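Comments concern the structure below.
Because the structure is predicted, anything quoted here is derived from the model rather than measured.
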Amino acid sequence: MRGAGAVLILWGAAALFLQRRREELLPLRLGRALLEDLAVLACQVRVCRTPLPRVLSEHLAEGLGAVWLWRPLLERLGGEEGLPRCWRAAVRALPPPLDRLLAPLGPLLPEGGETLEAAIEETREELTGFVRAEAARQAGQGRITAALCLSGACLLILVLL
């Protein structure tokens with residue numbers, strides 16, 4: 001019976017670890033997805049001159065970026081609000097610091113042209129830096145989270161048994 005209890009405690013600690021890692025990795029995964037999506041947006045703005053609602057519905061409708069940013073933005077665009085206000089509201093839902101990195105694009109979206117292209121490229125550079133730094137930070141954070149979950153489970157097993 002003690003062995004089964006110990007296994008259940010370790011299983012619970014492993015589940016807690018996986019849940020925490022999923023939560024901790026969200027900004028990194030979302031940053032990578034948005035980095036790819038911004039490349040698509042830049043191409044559509046620069047080369048194809050596609051209107052934003054069409055880009056959102058046809059080219060950016062799938063993936064993690066669509067769930068967190070592009071679909072909510074497209075839904076807000078259907079209302080009476082202007083594009084910068086819709087962008088600000090959609091970006092506000094992103095985890096930090098992604099919200100801060102993407103916020104400056106909002107006022108430039110209606111203008112389009114070279115100004116928007118330059119802003120998208122600058123934002124992509126900032127996102128690239130964030131992704132690199134976050135990947136390095138998450139490598140260490142994962143080990144710490146695993147150690148805390150395992151040590152907490154072991155302590156609980158020792159106390160209860």
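- Between Arg76 and Ala89, the closest heavy-atom pair is NE-CB, 3.3 Å.
- Closest approach of Arg21 and Gln138 over heavy atoms only: NH1-OE1, 3.0 Å.
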TODO: Could you walk me through whether Leu56 and Leu77 pass side chain to side chain contact (heavy atoms under 4.5 Å, CB included), step by step?
DONE: CA-CA 11 Å; Leu56 296 177; Leu77 286 175; 3.8 Å; yes
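- Annotation for Ala103 and Val91: closest pair N-CG1, 3.9 Å, computed over non-hydrogen atoms.
- Looking at residues two or more places apart in sequence or on another chain, you find no side-chain hydrogen bond (donor to acceptor under 3.5 Å, both in side chains) involving Arg132.
- For the pair Arg20 and Glu24, the salt-bridge criterion is met [side-chain N within less than 4.0 Å of a carboxylate O].
- Residues satisfying the side-chain hydrogen bond (donor to acceptor under 3.5 Å, both in side chains) criterion with Thr123, sequence neighbours excluded, are absent altogether.
- Taking hydrophobic clusters as Ile, Leu, Val, Met, Phe, Trp and Tyr residues chained together by side-chain heavy-atom distances below 4.5 Å, Leu30 shares a cluster with Val67.
- Heavy atoms from other residues, nucleotides or ligands lying under 6.0 Å from CZ of Arg137 number more than 12.
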Mind listing the side-chain donor-acceptor pairs of residues 146-161 below 3.5 Å, one per line with the distance, residues two or more places apart or on another chain?
unit_1	atom_1	unit_2	atom_2	d
Ser151	OG	Ala147	O	2.8
Ser151	OG	Leu148	O	3.2

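- Leu25 and Leu69 fall within the same hydrophobic cluster, defined by Ile, Leu, Val, Met, Phe, Trp and Tyr side-chain heavy atoms under 4.5 Å apart, directly or through other members.
- By the 6.0 Å contact criterion, CD on Glu58 is enclosed, its count of non-hydrogen atoms from other residues, nucleotides or ligands being greater than 12.
- The environment of CD in Glu62 is sparse: at most 12 heavy-atom neighbours from other residues, nucleotides or ligands sit within 6.0 Å.
- Among all heavy-atom pairs drawn from Ala119 and Leu108, the shortest one is CB-CD1, 3.3 Å.
- Annotation: the span from Leu102 atom CG to Leu38 atom CG amounts to 6.0 Å, rounded to 0.5 Å.
- For the pair Ala61 and Arg71, the tightest heavy-atom approach, listed with the atom from each and the gap, is O-NH2, 2.9 Å.
- Between Glu23 atom CD and Leu18 atom CG the span is 11.5 Å, to the nearest 0.5 Å.
- Remark: Arg29 engages no residue in a salt bridge (charged side-chain N to carboxylate O under 4.0 Å, His left out) (not counting sequence neighbours).
- Among all heavy-atom pairs drawn from Leu105 and Ile120, the shortest one is CD2-N, 3.8 Å.
- Qualifying side-chain contact (heavy atoms from CB on, under 4.5 Å) partners for Glu126, counting only residues two or more places apart in sequence or in other chains: Leu101, Glu122.
- Residues Leu116 and Val40 share a hydrophobic cluster, clusters being chains of Ile/Leu/Val/Met/Phe/Trp/Tyr side chains in contact below 4.5 Å.
- Residues Leu98 and Leu35 fall within the same hydrophobic cluster, defined by Ile, Leu, Val, Met, Phe, Trp and Tyr side chains chained together at heavy-atom separations under 4.5 Å.
- The CH2 atom of Trp70 sits 5.0 Å away from atom CG of Leu41, with the distance rounded to the nearest 0.5 Å.
- Residues forming a side-chain contact (heavy atoms from CB on, under 4.5 Å) with Pro27 (at least two apart in sequence, or on another chain): Pro95, Phe130.
- The structure places CG of Leu109 at 5.0 Å from CG of Leu83, a figure rounded to the nearest 0.5 Å.
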Task: Test side chain to side chain contact (heavy atoms under 4.5 Å, CB included) applied to Leu94 and Leu34, step by step - done: CA-CA 11 Å; Leu94 296 174; Leu34 290 174; 4.2 Å; yes
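- Taking CZ of Arg88 as the start and CG of Asp99 as the end, the distance is 13.5 Å to the nearest 0.5 Å.
- Residues Trp11 and Phe17 are members of separate hydrophobic clusters, defined by side-chain heavy-atom contacts under 4.5 angstrom among Ile, Leu, Val, Met, Phe, Trp and Tyr.
- Looking at Arg49 and Glu117, a side-chain N of the basic residue comes within less than 4.0 Å of a carboxylate O on the acidic one, giving a salt bridge.
- Panel note: side chain Thr145, backbone Gly142; no donor-acceptor pair is recorded below 3.5 Å.
- Gln44 CD to Leu52 CG: the interatomic distance, rounded to the nearest 0.5 Å, is 10.5 Å.
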